[in-house]
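Below is one structure, written out as structure tokens; the observations come after it.
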Amino acid sequence: MSKLTEGLTYDYLGAEAAPTREERLEVTYAFCGSCDGLKKGMGQGCTKYNSRKFAQGGGCQLNLALGIARTFQNVVIVVHGPLGCASNNLARAGYNRTFRVLKNKPASENIWIHTNLDENDVIGGGVAKLREAILYAEKEYHPEAIVVGNSCVPGIIGDDIDSLINELGEQLSAKVVPIHCEGFKSRFVASGYDSAYHGVLKKMVDPVAPYERSVPEDGGAVSAKDREKLLHSRTVNLLNVGSTSFGDEAELSRLLQAIGLNVRVMPLYSSVDEISRMGEAALNISICATHDDYLVGHLKERFGSEYVVDTLPIGIKNTGQWLRAIARVFKLEEEVEHLIALETAQLEQALEPLKKVLKGKTIFVGGGETRIFTTAEFYQSLGMKVLGLKPHNFDRFAVPMIDDITDQEAIVDVAPGQPAEEVVLLNKLRPDIYVGHVGANAWVMKLGIPTVPLFGQAFNYMGYSGAFELARKAARTLQNTTFSKKIAANLPLPFKPAWFESSPSENIKQAQG
């Protein structure tokens, strides 16, 4: 268990839905100032009360929640809401098939059913349509699980989907999983992760036989009789997220296997049977606290499974920190130090020519909080100067990462979405390169700033091989900036000059006291 999660206690099993992140985490979605100012504000507890006078846009919790569920094999998704809710998830079907093939899993189709609530349903209730959709899914597709995503409208009108699911439970062979992801309940879109895992863990994860989860103290040979117990004692769940690529999973699995661990990558792209056995592992390993902290806490309460929530394994420093935290659980400190020394020496040699290109260049990083701070720290270690960071939100898990940024006066703009606000800041800072979340490059390129994607399913970003790829991408981009200059010259942003003279913090209401 990480120090980051100490003191966090919830009723995981008793509640119908996961608590909002406002209830359980020190979290803010509105701040613009220095790294040092953000750390002080979080320490005093006032920054979490900041708010916005205006929000240009944000994410949808339903999309994040179903983004997890849509990857499961032989599952039907039932979207309970008006037509249009979660429609952008449909475009991911082809990629899901590709990813399953890469992982040697059946290339099954994504099947979606929509209850299509209308004005009459808002008045009379939509439970009848949901009942029809669930029964149709069972009869037509015979899935192993049916996932019901409850959107804002049924949450507002009070559709009791849990009672309906309990009523239908004995009539169906499929497991029916309710996911309460009504977006109006929380300002933090990442609450969608918690909503998905709450339903999945309550309805899809089965009780398991207890296994011995300890390694022999003397480190001696293991008898044949104890071999099976030892296998389970060194079995770990490597918890993947939507932004991890197949290359990331392969690299992190390679490193964990090198110190003697039996690695299972889940829950995304897993079968219902694989998910049902999540409780068997001796350790649950988080890649991203924003994504996993509720999941690992639930598994700890239910199965007693230990977990590691430490940092995101991007770059030399944070990959080493992540590996050491895992090795301590199994008393493999000697093995992990040997691995880290070997990998670091090889990587440092490969990075030397790239450092010559990157040294002295300035960078701005935007996206998920833990990913951007670890990414910024790595580029900083290559000789680059961090001008600013834009996390979607900021909570207690990222607080220790602030100290990794050498220039504590670097700007942090905490903002979910808000591209118009971001371009004002970028226009003032004018970094040499922008590393950002998918979708941001269209705005940034029009400023003439070259960009590198923060993540991508076709590339490797994590571990030691991922660090090399990050450096190589940035170096290649900086060696030829013609494309971004031509974009800026021919495709201007839709803002008047006066907008670029405004303050990036214009719409942030600072909490008093």
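None of the values given here were measured: they were computed from a predicted structure.
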Pairing of Lys300 and Glu306 as salt bridge, 4.0 angstrom limit = yes

Sequence neighbours excluded, every pair satisfying ring-ring contact (aromatic ring centres under 6.0 Å, His included) that has a member inside residues 445-469 = His437-Phe455

request  = Answer yes if the ring centres of Tyr197 and His291 are under 6.0 angstrom apart, and no otherwise.
outcome  = yes

message = I'd like to know if the side chain of Thr451 pairs up with that of Asn441 as donor and acceptor (distance under 3.5 Å, no hydrogens or angles considered).
response = no

Under 3.5 Å, side-chain donor or acceptor atoms of residues 322-329 against the rest of the protein: list the pairs with distances, not counting sequence neighbours.
residue: Trp322; atom: NE1; partner: Ser286; partner atom: O; Å: 3.0
residue: Arg324; atom: NE; partner: Glu337; partner atom: OE2; Å: 2.6
residue: Arg324; atom: NH2; partner: Glu337; partner atom: OE1; Å: 3.2

request  = First locate atom CG of Asp413, then atom OG of Ser505, and finally report the distance between them rounded to the nearest 0.5 Å.
outcome  = 8.5 Å

key: Ile411 and Leu389, any side-chain heavy atoms less than 4.5 Å apart   = no

ask   = Roughly how far, to the nearest 0.5 Å, is the CE atom of Met462 from the CG atom of Leu255?
value = 12.0 Å

ask   = Do the side-chain N and O atoms of Glu369 and Thr290 include a donor-acceptor pair separated by under 3.5 angstrom?
value = yes

message = Assess whether a salt bridge exists between Arg254 and Glu343, defined as any Lys/Arg side-chain N lying under 4.0 Å from an Asp/Glu carboxylate O.
response = yes

ask   = Could you go step by step and tell me if Arg187 and Val27 meet the side-chain contact (heavy atoms from CB on, under 4.5 Å) rule?
value = CA-CA 10 Å; Arg187 296 174 299 181; Val27 60; over 6 Å; no

key: Side-chain donor-acceptor contact under 3.5 Å, Arg264 with Asn237   = yes

message = With heavy-atom distances below 4.5 Å as the criterion, would you say the side chains of Ile449 and Ser484 are in contact?
response = no

query = Taking atom types as modelled, is there a side-chain donor on Glu421 or Asn507 under 3.5 Å from an acceptor on the other?
reply = no

key: Side-chain donor-acceptor contact under 3.5 Å, Asp36 with Ser34   = no

ask   = At what distance, to the nearest 0.5 angstrom, does CG of Leu429 lie from CG of Leu425?
value = 4.5 Å

Name each donor-acceptor pair under 3.5 Å that joins a side chain in residues 490-501 to protein atoms two or more places apart or in another chain, with its distance.
residue: Asn490; atom: ND2; partner: Lys486; partner atom: O; Å: 2.8
residue: Trp499; atom: NE1; partner: Ala420; partner atom: O; Å: 3.1

query = Is any side-chain heavy atom of Ser253 less than 4.5 Å from a side-chain heavy atom of Val265?
reply = yes

key: Nearest-0.5 Å distance that lies between atom CG in Leu351 and atom OG in Ser381   = 8.0 Å

query = Heavy atoms, side chains only, cut-off 4.5 Å: are Tyr379 and Val386 in contact?
reply = no

message = Please tell me whether Asn318 and Thr311 have a donor and an acceptor in their side chains that are separated by less than 3.5 angstrom.
response = yes

ask   = Does Glu422 have any salt bridge (Lys or Arg N to Asp or Glu O under 4.0 Å) partners at least two apart in sequence or in another chain, and if so, which?
value = none

request  = May I ask you to say whether Glu469 pairs ionically with Arg476, meaning some side-chain N is under 4.0 Å from a carboxylate O?
outcome  = no

ask   = Can you find a side-chain donor-acceptor pair between Lys317 and Gln321 that sits under 3.5 Å?
value = yes

remark   = Residues at least two apart in sequence or cross-chain that pass side-chain contact (heavy atoms from CB on, under 4.5 Å) with Ser191, listed by chain then number, are Arg21, Gln61, Ser186, Phe188

request  = Say whether, by atom type as modelled, one donor and one acceptor occur between the side chain of Glu251 and the main chain of Ser465 under 3.5 angstrom.
outcome  = yes

query = Quick one: are Lys509 and Asn50 in side-chain contact, heavy atoms under 4.5 Å?
reply = no

request  = Return the set of residues passing side-chain contact (heavy atoms from CB on, under 4.5 Å) with Lys385 (not counting sequence neighbours), or none when no residue passes.
outcome  = Thr362, Leu387, Asp407

request  = Check whether any side-chain heavy atom of Val423 sits under 4.5 Å from a side-chain heavy atom of Val444, and report yes or no.
outcome  = no

key: Nearest-0.5 Å distance that lies between atom CD1 in Ile179 and atom OG in Ser151   = 12.5 Å

